[in-house]
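All values below were derived from every heavy atom in this structure, side-chain atoms included, with hydrogens, water molecules and symmetry-related copies excluded.
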Amino acid sequence: MSDYLQSVLGGLADGCVYALIALGMSVIYSISRIISLAQGGFVVLAALTAVSLQSAFGISPLATLPIVIVIFSVGMVGLARIVIQPAAKRATPERLLLVTVGVLQAVGGLLLIGWGNLPYTMPAFTGDTPLEVAGLSLPTQYFWLFGGLIVSIVGLWLLFTKTEIGLAMRATASNPGAAALQGIRVERMRLIAFGLAGAMAAVAGTTIVPITFLQFTTVTPYAVAGFIAAVVGGLGSNLGAVTGGLLLGLLQGVFGRYWNADLAQLTAIALLVALLVVRPQGIFGTPERVRR
């Protein structure tokens with residue numbers, strides 16, 4: 001029983017990463033109607049950036065978290081301003097999706113050039129000794145990973161419901177034309193959405209790398225898992241993104257107890273794709289959101 005629960009906890013830890021990837025995709029999509037498949041690649045890039053900062057400057061692993069968040073928030077805004085927004089004005093949604101795929105492949109190439117083909121990890125934020133609870137071995141990094149997801153969820157909720165910027169972003173998501181007529185700077189709201197997605201990629205990458213090994217080959221699996229989580233939960237729904245990510249991770253953890261990791265991932269994805277056959281708009285999505 002303890003082995004089973006250990007698999008479930010490991011699956012939920014992966015699910016937190018998928019949820020953060022899907023959450024970043026959801027924020028971008030809801031504000032700008034752009035599906036950014038590059039989000040999973042930025043998670044791996046953020047993780048390896050944190051590893052390099054920690055090893056090069058000798059700072060604590062925890063101290064890399066705020067630094068990487070700032071770097072990727074600003075970097076994602078710059079990428080959106082220079083690449084994504086100009087492409088969005090000229091390309092159809094289908095071609096714009098290919099642009100984000102190109103960015104994903106560029107991130108993979110950058111990782112290969114900058115870090116080579118070796119896997120990387122770094123020490124846990126608060127020590128490598130796991131906690132023993134009721135026969136379960138809980139790495140302390142799990143708490144940082146779960147906490148990062150919770151802070152992201154609460155932070156987005158507070159932003160969207162309690163601040164003027166959040167209300168402006170919601171207006172932009174609902175009707176960009178009407179928002180512009182009310183004096184809202186629509187393009188700025190979309191840039192902020194990309195900045196938020198960059199911050200979530202930084203949180204996901206920096207908190208997961210102490211308990212796994214990441215390299216350039218993990219870019220595509222993360223991108224695919226995050227995209228499936230976002231679609232299953234309901235593209236554009238933050239609650240759906242979190243639900244889809246945790247569900248995918250949980251299924252992988254359960255099936256991983258009986259089969260190898262690749263087969264477990266394939267089975268989990270197949271089940272979620274089957275769910276989309278029954279409910280194409282996702283768990284928390286709406287038909288109207290899909291049609292847009």
Side-chain angles (χ1 to χ4, degrees), residues 8 11-40 43 93 97 100 145-163 165-176 179 189-190 192-194 196-197 199-201 203-204 222-255 265 267-292:
V8 168
L12 287 175
D14 288 334
C16 286
V17 180
Y18 303 153
L20 284 165
I21 296 172
L23 199 56
M25 288 183 175
S26 176
V27 170
I28 292 174
Y29 180 80
S30 62
I31 305 300
S32 62
R33 290 296 182 267
I34 295 172
I35 300 174
S36 178
L37 289 180
Q39 189 70 13
V43 169
L97 182 63
T100 67
L145 184 55
F146 296 145
L149 176 59
I150 292 171
V151 169
S152 297
I153 295 169
V154 174
L156 285 177
W157 179 79
L158 291 174
L159 174 67
F160 288 137
T161 60
K162 305 296 182 181
T163 69
I165 291 178
L167 294 175
M169 293 179 73
R170 289 171 60 189
T172 301
S174 178
N175 192 323
M189 297 302 107
R190 290 171 175 169
I192 292 174
F194 275 92
L196 292 172
M200 283 178 277
V203 171
Y222 271 149
V224 172
F227 175 67
I228 290 175
V231 173
V232 166
L235 200 56
S237 167
N238 291 346
L239 176 60
V242 175
T243 303
L246 293 177
L247 182 60
L248 176 58
L250 180 60
L251 289 174
Q252 285 186 196
V254 171
F255 290 124
Q265 184 180 37
T267 304
I269 290 174
L271 285 176
L272 295 182
V273 170
L275 185 150
L276 290 175
V277 174
V278 178
R279 188 173 173 81
Q281 68 269 30
I283 298 173
F284 293 101
T286 63
E288 289 78 14
R289 182 171 289 153
V290 172
R291 284 199 294 268
R292 283 202 295 260

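Scored by the side-chain contact (heavy atoms from CB on, under 4.5 Å) test, Leu250 finds Val8, Leu12, Val254 as partners (sequence neighbours excluded). Every residue meeting the side-chain contact (heavy atoms from CB on, under 4.5 Å) condition with Ile150, not counting sequence neighbours, appears here in chain and number order: Val154. For Phe255, the ring-ring contact (aromatic ring centres under 6.0 Å, His included) partners two or more places apart in sequence, or in a different chain, are Trp259. Residues meeting the side-chain contact (heavy atoms from CB on, under 4.5 Å) test with Ala171, sequence neighbours left out: Ala179, Ile184. With sequence neighbours excluded, the residues forming a side-chain contact (heavy atoms from CB on, under 4.5 Å) with Ile28 are Ser32, Ile34, Ser36, Gln39, Met76, Phe194, Ala197, listed by chain and number.
The list of side chain to side chain donor-acceptor pair (under 3.5 Å) pairs with a residue in residues 15-25, not counting sequence neighbours, reads Tyr18-Gln252.
At least one side-chain heavy atom of Leu97 sits under 4.5 Å from a side-chain heavy atom of Thr100. Within the 4.5 Å cutoff, the side chain of Leu20 has heavy atoms near those of the Val203 side chain. Two residues are said to be in side-chain contact when any heavy atoms from C-beta on lie closer than 4.5 Å; Arg33 and Pro176 fail this criterion. Side-chain contact check for Phe227 versus Ile35: some heavy-atom pair is nearer than 4.5 Å.
Atom OG in Ser30 sits 6.0 Å away from atom CG in Asn238 (nearest 0.5 Å). Here the CG-CH2 distance, from Leu239 to Trp157, works out to 13.5 Å after rounding to the nearest 0.5 Å. Taken to the nearest 0.5 Å, the CD1 atom of Ile153 stands 12.0 Å off from the CG atom of Leu158. In this structure, CE on Met25 lies 11.5 Å from CE on Met200, to the nearest 0.5 angstrom. Phe284 contributes atom CZ, which lies 12.0 Å from atom OG of Ser26 (distance to the nearest 0.5 angstrom).
Nearest heavy atom pair, residue Ala229 against residue Ala22, reads CB-CB, 3.9 Å. When all heavy atoms of Ala173 and Ile31 are compared, the closest pair comes out as CB-CD1, 3.9 Å. Across all their heavy atoms, Phe160 and Arg170 have their closest contact at O-CD, 2.9 Å. Shortest non-hydrogen contact noted between Ala204 and Val17 is CB-CG1, 4.3 Å.
The backbone N or O of Ala168 sits less than 3.5 Å from a side-chain atom of Thr172, completing a donor-acceptor pair. With hydrogens and angles ignored, the 3.5 Å screen pairs a side-chain donor or acceptor of Ser152 with a backbone N or O of Gly148.
Within a 6.0 Å radius of CD1 in Ile165, other residues, nucleotides and ligands contribute 12 heavy atoms or fewer.
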Audit row: Leu156, Val27, side chain to side chain contact (heavy atoms under 4.5 Å, CB included) steps and yes/no | CA-CA 9 Å; Leu156 285 177; Val27 170; 3.9 Å; yes

